[in-house]
Every structure is written in structure tokens, then in C-alpha cells.
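Read through the structure below, which is laid out as C-alpha cells, and then see the notes.
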Amino acid sequence: MQIFDRIDSLIDAEDFGAAIEETRALLLQLEQRSDALTHAIDDFLLDLRTLAFIVECYGRGFELLARTLARRRLAKVRLLSGGVHSARQK
């Protein structure tokens with residue numbers, strides 16, 4: 001599965017702690033080619049943490065909105081990284 005497809009599926013995960021850690025590991029595989037990409041990744045991870053907080057504190061009422069925001073931030077990361085083709089070769 002491609003990096004971004006996997007991260008997208010993690011946005012829907014029930015265990016946010018594990019999802020955030022796996023997402024961080026996957027994002028480390030991307031080449032950090034610009035400050036803009038680094039900031040976009042930071043913003044995306046912040047949105048995932050915000051999603052976890054919202055669900056924990058307020059239940060599922062605002063979950064859809066938070067997931068939508070996270071997906072938009074992920075789209076920005078994908079765009080700035082050039083997609084999965086910029087993943088480091090192992």
C-alpha cells in the first residue's frame with residue numbers, strides 16, 4: 001500500500017495513539033525537501049492530535065469535521081512531497 005493511502009486510512013482509525021505513531025513513522029520516509037513540506041507535515045500531525053482530543057473530550061459529534069480537516073492537510077503534504085515518488089529508497 002502506498003504511504004499516503006495508508007495514512008489516509010489511519011485518519012479513520014479508532015486507536016488514535018497508535019495511528020499517530022504509525023503516521024509519524026510513515027512521514028519520516030518522505031524526503032524533507034522544503035520548509036513548506038516540513039510545516040505541512042507538522043500541521044497535519046497537529047490536526048491528527050486535535051482529532052484525537054476532540055473525540056476524547058466531545059465524543060463523535062465533531063469527528064467528521066476534524067477528519068475532513070486532517071484529510072485536507074494530508075492532501076497538502078502529498079502535493080508538496082510530489083506524492084509517493086519522493087519516498088526514500090531503502
Side-chain angles (χ1 to χ4, degrees):
M1 183 179 279
Q2 295 179 0
I3 291 172
F4 290 108
D5 291 339
R6 177 63 185 145
I7 293 171
D8 188 73
S9 70
L10 290 170
I11 293 172
D12 292 322
E14 293 294 322
D15 181 357
F16 292 111
I20 290 169
E21 291 308 311
E22 185 176 346
T23 298
R24 289 172 58 91
L26 289 168
L27 290 172
L28 286 174
Q29 295 178 32
L30 298 177
E31 293 178 25
Q32 302 295 312
R33 296 186 285 154
S34 69
D35 286 341
L37 176 58
T38 300
H39 291 298
I41 289 171
D42 290 343
D43 288 343
F44 172 69
L45 289 171
L46 180 61
D47 285 345
L48 277 185
R49 288 186 189 100
T50 302
L51 171 59
F53 175 79
I54 287 171
V55 170
E56 181 179 323
C57 292
Y58 302 107
R60 302 280 179 186
F62 296 102
E63 178 183 11
L64 179 61
L65 295 172
R67 287 185 198 278
T68 300
L69 178 59
R71 283 200 167 83
R72 287 184 180 172
R73 298 277 192 177
L74 179 60
K76 183 177 179 181
V77 172
R78 186 186 304 234
L79 179 68
L80 290 170
S81 72
V84 294
H85 300 296
S86 64
R88 288 188 207 142
Q89 299 296 322
K90 300 227 174 190

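In this chain, residues are counted from 1 in sequence order. All figures in this text were calculated on a predicted structure; none of them were measured in a lab.
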Arg71/Asp12 ion pair, N-O < 4.0 Å: yes
Heavy atoms of other groups near Arg24 CZ, more than 12 under 6.0 Å: no
Assigning hydrophobic clusters by single linkage (Ile, Leu, Val, Met, Phe, Trp, Tyr; side-chain heavy-atom cutoff under 4.5 Å), is [X] placed with [Y]?
| X | Y | answer |
| --- | --- | --- |
| Leu65 | Phe53 | yes |
| Leu48 | Ile54 | no |
| Leu69 | Leu51 | no |

First locate atom [atom1] of [X], then atom [atom2] of [Y], and finally report the distance between them rounded to the nearest 0.5 Å.
| X | Y | atom1 | atom2 | answer |
| --- | --- | --- | --- | --- |
| Leu80 | Thr38 | CG | OG1 | 9.5 Å |
| Arg49 | Phe44 | CZ | CZ | 10.5 Å |
| Arg72 | Asp47 | CZ | CG | 11.5 Å |
| Leu45 | Leu74 | CG | CG | 10.0 Å |
| Ile7 | Leu27 | CD1 | CG | 4.0 Å |

If every non-hydrogen atom of [X] is compared with every non-hydrogen atom of [Y], which pair is closest and at what distance?
| X | Y | answer |
| --- | --- | --- |
| Ala52 | Ile20 | CB-CD1, 4.5 Å |
| Leu37 | Val77 | CD1-O, 3.7 Å |
| Phe4 | Arg78 | CB-NH2, 3.1 Å |

By side chain to side chain donor-acceptor pair (under 3.5 Å) - contacts of Asp15 (at least two apart): none
Partner set under side chain to side chain donor-acceptor pair (under 3.5 Å) for Glu22, not counting sequence neighbours: Arg6
